[in-house]
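We count ligands from 1, going down the list as the structure has it; atoms in each ligand are counted the same way.
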Amino acid sequence: MFSSSHVLKPFTYNIKIPPGIIDKPDNHILRTLSSMKGQYYDQKIYDEMLQKEDALLYEVYEKIVPEIPGELIQGLSIVHFGKVGNEYFMTKGHFHSVLDTGEFYYCLQGHGYMMMETPEGEWAAEELVPNRAVYIPGRWAHRSINIGNVDLLMLFVYPANAGHDYGTIERRSFRKIVVNQDGRAVILDNPRWIAP
Ligand code: F6R
Ligand code: MN
């Protein structure tokens with residue numbers, strides 16, 4: 001679509017809340033339960049849910065720019081609310097293929113956690129509430145988790161050359177999970193985590 005000599009024109013776009021949509025997105029990604037195989041700790045409940053329905057867990061609207069250093073990809077992520085057993089709906093999560101690239105998120109609506117982890121297994125979880133920004137430094141894998149009862153809406157911006165490594169998280173998962181216990185979101189060790 002773009003060549004490296006392409007000169008991008010400045011552009012603007014509007015975000016509509018509700019329902020959580022951006023003008024003229026170049027990409028609309030929809031991820032359902034079936035794309036989360038092995039990620040929810042209660043595999044039995046996951047399989048039972050999937051047999052009934054391949055539920056929509058989250059969506060991403062993106063504005064595409066050339067995937068070259070210096071440009072920034074941006075968009076809107078929408079994590080729907082719900083649970084697999086007592087574990088909240090969440091994104092797959094990933095490292096960036098260019099590991100040293102960071103990402104900026106800004107929460108517009110909802111309540112959640114940004115779960116983060118380094119290749120060495122250090123972890124961090126930042127709570128997401130409306131009008132709170134979170135900065136994910138380079139090297140930190142990230143997963144958004146919706147612990148509320150409305151859609152979690154976030155803007156994101158990241159280097160266009162970052163790329164996505166999903167395989168590492170698919171294999172080892174995240175060290176921590178967020179589950180509902182007695183009506184509260186609690187962070188627990190993930191029994192499925194494989195230490196690096
Ligand atoms: C891009 C980024 C977000 C996520 C989105 C969906 O680098 O972090 O746009 O892509 O939140 O999550 P994943 O990509 O993990 O399915
Ligand atoms: Mn990312």
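- Using 4.0 Å as the threshold, G75 has no heavy atom nearer than that to any atom of ligand 1.
- Without hydrogens or angle criteria, D47 side chain to Q51 main chain gives no donor-acceptor distance under 3.5 Å.
- Set against the non-hydrogen atoms of H96, the atoms of ligand 1 under 4.0 Å away are 7 (O).
- Residue-level check: among N/O/S atoms of E103, OE1 sits closest to the Mn ion (ligand 2).
- Note on H164: not counted as a metal contact of the Mn ion (ligand 2), no N/O/S atom lying under 2.8 Å.
- Ring planes of H142 and H96: perpendicular class, angle over 60° (limits at 30 and 60°).
- Atom 12 (O) of ligand 1 has T91 CB, 3.5 Å as its closest protein atom, hydrogens excluded (heavy atom only).
- From the protein, the heavy atom lying nearest to atom 16 (O) of ligand 1 is Y58 OH, 2.5 Å.
- A side-chain donor-acceptor contact under 3.5 Å links K92 to the backbone of S35.
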With a cut-off of 3.5 Å and sequence neighbours excluded, list every side-chain donor-acceptor pair involving residues 183-196.
unit_1 : atom_1 : unit_2 : atom_2 : d
D189   : OD1    : K176   : NZ     : 2.4
N190   : OD1    : R192   : N      : 2.9
N190   : ND2    : S173   : OG     : 3.1
N190   : ND2    : F174   : O      : 2.8
R192   : NE     : G38    : O      : 3.2
R192   : NH2    : Q43    : OE1    : 3.1
W193   : NE1    : E117   : OE2    : 2.8

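- Taking all heavy atoms of E103, H142, R143, H94 into account, the minimum distance to atom 10 (O) of ligand 1 is reached by H94.
- Within a 6.0 Å radius of CD in E59, more than 12 heavy atoms belonging to other residues, nucleotides or ligands are found.
- The main-chain N or O of A55 is never found under 3.5 Å from a side-chain atom of T32 such that the two would form a donor-acceptor pair.
- The backbone N or O of L99 lies less than 3.5 Å from no partner atom in the side chain of R139, so there is not a single donor-acceptor pair.
- The backbone N or O of A124 lies less than 3.5 Å from no partner atom in the side chain of E126, so there is not a single donor-acceptor pair.
- Per residue H142, closest N, O or S atom to the Mn ion (ligand 2): atom name NE2.
- Closest protein heavy atom to atom 5 (C) of ligand 1: V60 CG2, 3.7 Å.
- On a distance-only criterion, F156 and ligand 1 share no N/O pair closer than 3.5 Å.
- Using 4.0 Å as the threshold, H164 has a heavy atom nearer than that to some atom of ligand 1.
- The heavy atom nearest to atom 13 (P) of ligand 1, considering only Y166, Y61, F95, Y158, is found in Y166.
- Without hydrogens or angle criteria, N86 side chain to V179 main chain gives no donor-acceptor distance under 3.5 Å.
- Scanning the protein heavy atoms around atom 3 (C) of ligand 1, the nearest turns out to be Y105 OH, 3.1 Å.
- Atom NE2 is the N, O or S atom of H94 at the shortest distance from the Mn ion (ligand 2).
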